Amino acid sequence: MQRLYIHPLPVRIWHLTNAIGIVLMILTGMQIRYVGLINVVSFRTAVSVHNAIGFILIANFFLWLLYYLSSDRIKVYHPELSPRKHFLGSWRQAYYYGYGIFKGDPNPFHVSIYRKFNPLQSMLYQIIMMLLLPIQFYTGILLWDVKRFSAQVDFFGGVRVIDTVHVLIFIFLVFYVLVHVYLGTLGHTRTAHFEAMLTGYENVEE
Amino acid sequence: MWPPMPRSQRVEALRHYPSAHNRWTVDFDDTGNIFIEGDNLEVLKLLQKAFGALVAAFGNNLPAKLKANAFAVQAWIAARRSVRWHGCHAGVLEAHEKWLPNAALHFEVVSCPACHAPDAQRKVDLMLIDSKDAQPRGIEQVGVPLFEASSHSGDKGIDAQALWNVLQTLNRSGIAGKTVLRGRLEASTGPQAHQLADKSKAISDCRTCHSAGSQAFQNVTISLVQPQGQRLRYGANADVLNSPISLESVGGFYAIGATRIKLLDILVILAILGGLGFAVGHLTLGWIFKYYGLNHPGGHGGGHGGQPGDGQGHKVA
């Protein structure tokens with residue numbers, strides 16, 4: 001096994017902050033949406049905490065963006081420009097997760113410092129980081145002060161439309177977090193990927 | 001006394017500032033008058049008494065120019081500089097901002113009696129307005145027959161589909177302007193709106209309005225304005241506030257938690273079950289492959305190389 005430094009400190013800090021933040025956003029979001037059904041904290045407290053963490057996550061997002069824009073590690077996010085290659089890679093990876101992994105087949109993807117995402121991760125993370133999270137932050141800011149941003153809220157069809165988009169992404173994130181945590185247990189040991197996200201080092205096959 | 005604020009803010013404050021009785025709007029640019037709109041003529045008469053000569057006309061006595069521009073107006077007050085009504089409740093927004101998230105929005109969509117008359121029944125009034133100038137739509141523009149036909153679409157009043165159809169008809173191509181709905185939570189009746197309690201008894205528990213099934217959102221009316229300024233209200237099915245069909249038609253009125261779209265709740269449950277089901281299903285498949293010896297134990301891992309169902313992940317040699 002080779003020990004590679006895959007996750008630099010800024011990425012680990014960002015990831016940990018993001019992980020805790022998104023879980024808290026989901027929990028407080030549930031409390032806000034289902035007040036009366038869930039009564040762990042008051043509605044007002046849930047709104048205040050939700051807003052505060054939202055701004056922390058927005059700041060965290062820009063730190064992440066700044067880090068990658070100023071680092072050669074941004075290569076990990078470079079997309080595969082050949083559609084054929086990307087499709088084949090994604091198919092192999094999906095086949096592996098859906099069948100090969102049960103038989104004990106080798107993982108078709110091998111991690112390296114500048115290529116740490118398999119084709120499925122690469123596609124998904126770009127959608128999440130460059131599309132869904134920015135939309136979630138934007139709609140969250142609009143909902144934070146609907147009156148101040150009323151022109152933009154009206155432009156998009158009203159507060160109900162904004163909230164619906166916010167909730168749809170929230171629903172996706174609920175599903176994503178559960179699956180993401182589970183897939184995190186599929187390292188060479190159950191905790192290997194979690195340890196890697198804390199230490200930065202990943203053990204990979206030579 | 002006007003608080004120190006820019007004129008644009010004053011206009012905005014006036015436009016949405018709910019008095020205990022009626023709504024106040026202003027038209028500085030055109031007529032320079034402050035308008036009070038509402039359907040309680042008795043209160044307007046009291047206002048005339050209180051403001052003396054300032055309240056100059058009611059209903060049909062409005063000057064033609066005013067009538068043309070604001071048919072909802074039942075009274076108008078000239079010499080606006082002398083009006084000091086704002087002083088009665090000065091600082092009220094700031095006071096609410098200390099504890100109420102999105103206070104300015106609450107002021108716009110919730111009338112004062114809806115909270116300060118705690119025993120009052122509440123209702124949501126969806127008023128047809130012009131999207132550009134926010135002026136109420138009257139029966140001249142909308143047409144009563146269209147609404148009367150729609151109100152028979154269900155036993156509980158206009159439903160979400162009928163409402164959507166009405167708005168589509170009103171906004172069909174070739175029609176100038178766009179008609180939208182402006183929602184507002186109000187006390188159900190005028191007398192109830194006057195049962196104001198001490199502020200310590202006002203509703204301040206968010207759950208009262210933000211819980212699913214809240215009483216506040218069980219009564220819904222859709223209103224337009226008659227030539228005399230009186231509101232014409234049609235009962236609507238409370239589901240217009242929860243239906244996905246209302247996403248466009250009632251896009252501007254939404255109370256988090258209370259008027260949420262039920263379809264999204266189903267998606268939330270599916271997301272949780274799907275996420276957990278994915279993990280459990282994957283683990284189970286791994287266990288089945290191992291139990292029946294369908295895997296090859298010497299298999300390699302690497303990256304995500306663990307094998308689900310083997311208890312501690314798949315160690316790579």
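Computed over heavy atoms, backbone and side chain alike; hydrogens, waters and symmetry mates excluded. So you know, we letter chains A, B, ... as the sequences are listed, proteins then strands, and number each from 1. Since this is a predicted model, take the numbers as computed values, not measurements.
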Original post:
Quick one: does Arg160(A)'s side chain have a donor or acceptor within less than 3.5 Å of a partner on Leu241(B)'s backbone?
Top reply: yes
**OP:** Provide the closest heavy-atom pair for Cys206(B) versus Phe43(A) in the form atom of the first, atom of the second, distance.
**Re:** CB-CD2, 3.3 Å
Original post:
Has the side chain of Asp154(A) got a donor or acceptor atom that lies under 3.5 Å from a matching backbone atom of Gly252(B)?
Top reply: no
Original post:
Any idea which of Ala279(B), Ser211(B), Gly213(B) has the most non-hydrogen atom pairs under 4.5 angstrom with chain A?
Top reply: Ala279(B)
Subject >> Toward chain B, the part of Val161(A) with a non-hydrogen atom under 4.5 Å >> reply: both
**OP:** Take Phe278(B) and Leu183(A) through the side-chain contact (heavy atoms from CB on, under 4.5 Å) test and state the conclusion after the steps.
**Re:** CA-CA 10 Å; Phe278(B) 177 85; Leu183(A) 291 178; 4.1 Å; yes
Subject >> Verdict with reasoning, Tyr254(B) to Thr164(A), per side-chain contact (heavy atoms from CB on, under 4.5 Å) >> reply: CA-CA 10 Å; Tyr254(B) 182 71; Thr164(A) 301; over 6 Å; no
Original post:
Considering only heavy atoms, which portion of Val250(B) lies under 4.5 Å from any heavy atom of chain A: side chain, backbone, both, or neither?
Top reply: both
Original post:
So which heavy atom on Val35(A) is nearest to which on Arg207(B), and how close?
Top reply: CG2-CG, 3.1 Å
Original post:
Of all of Leu276(B), Val268(B), Leu100(B), Val180(B), which one pairs up most often with chain A through heavy atoms under 4.5 Å apart?
Top reply: Val268(B)
Original post:
Can we say Arg260(B) and Asp163(A) salt-bridge, meaning some charged N sits less than 4.0 Å from an Asp/Glu carboxylate O?
Top reply: no
**OP:** Please look at Leu294(B) and chain A and tell me whether the side chain, the backbone, both or neither of the residue comes under 4.5 angstrom of a heavy atom of that chain.
**Re:** backbone
Original post:
So which heavy atom on Ser204(B) is nearest to which on Arg44(A), and how close?
Top reply: O-NH2, 2.8 Å
**OP:** Please state whether the side chain, the backbone, both or neither of Thr259(B) comes within less than 4.5 Å of a heavy atom of chain A.
**Re:** both
Subject >> Contact winner vs chain A - Asp265(B), Ile288(B), Ile272(B), heavy-atom pairs under 4.5 Å >> reply: Asp265(B)
Original post:
With a 4.5 angstrom heavy-atom cut-off, which part of Ala212(B) approaches chain A: side chain, backbone, both or neither?
Top reply: backbone
Original post:
Among Val174(A), Ile171(A), Val179(A), Leu143(A), which residue forms the greatest number of heavy-atom pairs with chain B at distances under 4.5 Å?
Top reply: Ile171(A)
Original post:
Once the angle between the rings of His282(B) and Phe102(A) is folded into 0 to 90°, is it parallel (under 30°), tilted (30 to 60°) or perpendicular (over 60°)?
Top reply: tilted
Original post:
Based on non-hydrogen pairs under 4.5 Å, which of Leu105(B), Leu273(B), Leu247(B) is most in contact with chain A?
Top reply: Leu247(B)
Subject >> Leu168(A)/Leu267(B) under side-chain contact (heavy atoms from CB on, under 4.5 Å): CA gap, chis, key distance, verdict >> reply: CA-CA 8 Å; Leu168(A) 282 171; Leu267(B) 290 179; 4.0 Å; yes
Subject >> Structural part of Val167(A) lying under 4.5 Å from a heavy atom of chain B >> reply: side chain
Original post:
Heavy-atom distance under 4.5 Å to chain B: side chain of Asn39(A), backbone, both or neither?
Top reply: side chain
Subject >> chain B contact via Phe170(A) - which portion, at a heavy-atom distance below 4.5 Å >> reply: side chain
